[in-house]
Amino acid sequence: MSAILEMTRQITNEVIAPMAAAVDAERRFPKESIEALGKAGLLGLLVPKELGGLGGDLTDLSAVTEIIAAACGSSAMCYLMHCCATAVVAAKATPDQAERYLKPIARGEKLGTLAFSETGTGAHFYSPEIKAVLEGDRFVLNGKKSFVTNGGEADFLIVITNASSPELGLDMIIVDTDAPGLRFEGEWEGIGLSGNNSIALHLEQVKVPATQLVGAEGDGMGLVFQVVAPTFILGVAGVNAGIARGAYETALRHAKARKYADGRSLAEIQAIQFYLSDMFGGVESASLFVRNAAAKAVRGDGDAILHVMQSKVLASEQAIRVTNLAMQVCGGQGYTKALPVERYLRDARAGAVMAPTTEVLKEWVGKSVAGVPLF
Ligand SMILES: Cc1cc2nc3c(=O)[nH]c(=O)nc-3n(C[C@H](O)[C@H](O)[C@H](O)COP(=O)(O)OP(=O)(O)OC[C@H]3O[C@@H](n4cnc5c(N)ncnc54)[C@H](O)[C@@H]3O)c2cc1C
């Protein structure tokens, strides 16, 4: 195992796993997890080595999110959204942006996230309504974003907007969360990932220096498809493979430990063995598919994007299936908070509805294999 994965496993065992039930029950941001990951340098996983980061790639990211999510889905999701924001900055960082964002990220001092979704655009996050209005040497932003993970905790956001002139397309802008006119609102009320703090963001006359633009005006769409999509999709596929693995391992332990009065364990019952086989296959196939897709993306294989898109579909569907089976194996005890299976089941439901959603990805994969244009 690589040093990065070994370190992730150690932090997960020592810090993240012991907090997971409390993060879920108290619906609170997993501060301890993020701090521990930061201290170990893992917030800088995607920061180049020459800037003090770990210089990791998408195979590392999907494996790291899988390990964390097997213990705590909320921690994994918060970590992933930070890594997506980091990847955007790292893709086109100016020397000033590298100094003010990437180096502190590598030291574990800054947390980021993506502010993409809007209520008006829903799953089609690449069609925002917010516009970057250029006034002299700064952009002025007005509008509302929804579902901002790490909301209220992040130090900076990557905000996707329409460029100052419609013909330019989309922009991505780094916005510090202490900017005047920026405020978060509400509480995360989702059924799962209870600690991910995905809340609404209001931007009222927020003035951002033009130097905060990532790349040039109009680079936003390229960044969506070349940077955010592979990073988020493979990361969230890893999260879902991890949630499935956590549920499977919990169910397996329970099946071996639960004994009836005659001394037989649940694991000795054939119906339960069928479920265990089914779960084992589901977890391993999801995990392997994600790993293979990530390796293809890193190598730049011609068919990488197809595998990347399908990896989220597959891992999200397996997470829902496997967590459901795990609850069946654990019976009434699984339905209560005596076991973490009900948490895994709730957490597993998010992946399929996070954009790009399962429906959108299936359409894109189907069109790609059939040779039909995507748009
Ligand atoms: C836990 C969680 C964390 C999140 N974190 C972030 C974050 O950090 N930053 C961020 O920007 N966003 C985030 N999101 C938002 C997320 O990525 C989606 O944008 C959001 O969930 C879309 O929700 P909606 O209700 O508007 O979906 P809708 O767009 O209303 O979609 C509803 C359903 O219709 C389907 N559908 C819509 N259009 C089509 C189509 N053309 N073809 C087929 N089916 C279609 C969808 O697949 C979905 O099943 C998060 C969401 C969740 C659940």
Side-chain angles (χ1 to χ4, degrees), residues 1-17 30-72 75-114 149-150 153-156 158 174 214 223 226-239 241-242 287 290-300 304 308:
M1 197 194 304
S2 78
I4 289 174
L5 300 191
E6 233 168 83
M7 191 158 62
T8 307
R9 212 172 276 287
Q10 191 186 341
I11 293 167
T12 300
N13 290 338
E14 290 174 5
V15 181
I16 300 176
K31 232 181 184 49
E32 299 86 347
S33 308
I34 298 300
E35 273 173 17
L37 291 164
K39 237 186 207 164
L42 280 157
L43 289 188
L45 179 68
L46 301 183
V47 174
K49 279 189 175 157
E50 57 272 24
L51 296 174
L54 296 179
D57 61 25
L58 295 180
T59 56
D60 297 311
L61 178 68
S62 56
V64 166
T65 56
E66 179 176 333
I67 292 170
I68 300 173
C72 177
S75 299
M77 188 55 70
C78 293
Y79 177 71
L80 169 62
M81 297 318 293
H82 161 81
C83 287
C84 291
T86 302
V88 171
V89 182
K92 289 188 183 266
T94 61
D96 174 60
Q97 290 169 354
E99 205 58 47
R100 291 193 305 113
Y101 294 96
L102 297 178
K103 285 186 178 176
I105 288 170
R107 294 194 296 267
E109 294 166 3
K110 265 194 199 292
L111 185 73
T113 195
L114 300 181
T149 293
N150 296 339
E153 304 289 338
D155 301 293
F156 72 95
I158 302 295
I174 310 169
V214 182
L223 286 164
Q226 282 148 31
V227 180
V228 176
T231 310
F232 175 73
I233 292 175
L234 287 165
V236 87
V239 169
S287 182
V290 176
R291 231 175 291 167
N292 184 52
K296 277 179 168 292
V298 171
R299 285 197 304 268
V308 168

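Numbers here are sequence positions counted from 1. Every value quoted in this text rests on a predicted model; they were computed, and no experiment measured them.
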So do [Y] and [X] actually touch side chain to side chain, heavy atoms under 4.5 Å?
X    : Y    : value
I34  : L111 : yes
L45  : I4   : yes
I68  : I11  : no
V236 : M77  : yes
T8   : Y79  : no
L58  : P230 : yes
E66  : V290 : no
M7   : L42  : yes

Could you go through I158 and T113, starting from their C-alpha distance and side-chain angles, then the distance that decides it, and tell me whether this counts as side-chain contact (heavy atoms from CB on, under 4.5 Å)?
CA-CA 6 Å; I158 302 295; T113 195; over 6 Å; no

Measure across [X] and [Y] and return the closest heavy-atom pair with its distance rounded to 0.1 Å.
X    : Y    : result
G38  : L43  : CA-CG, 3.6 Å
E153 : K31  : OE1-NZ, 3.0 Å
A91  : L223 : CB-CD2, 4.0 Å
L51  : L102 : CD1-CD1, 3.7 Å
C83  : L46  : O-CD1, 3.6 Å
F156 : A85  : CE1-CB, 3.9 Å

Kindly compute the distance separating [atom1] ([X]) from [atom2] ([Y]), expressed to the nearest 0.5 Å.
X   : Y    : atom1 : atom2 : result
E6  : I67  : CD    : CD1   : 10.0 Å
M81 : T231 : CE    : OG1   : 10.5 Å
Q97 : K92  : CD    : NZ    : 11.0 Å
L80 : H82  : CG    : NE2   : 10.5 Å

If only atom types and distance count, is the side chain of [X] paired as donor or acceptor with the main-chain N or O of [Y] below 3.5 Å?
X    : Y    : answer
N150 : C78  : yes
D57  : V298 : no
T65  : G235 : yes

What verdict does the side chain to side chain donor-acceptor pair (under 3.5 Å) test give for D96 and T94, after you've listed the backbone C-alpha separation in whole Å, the side-chain angles of each residue and the deciding distance to 0.1 Å?
CA-CA 5 Å; D96 174 60; T94 61; 4.8 Å; no

Let me know which of I233, T149, L114 forms a side chain to side chain contact (heavy atoms under 4.5 Å, CB included) with C84.
L114

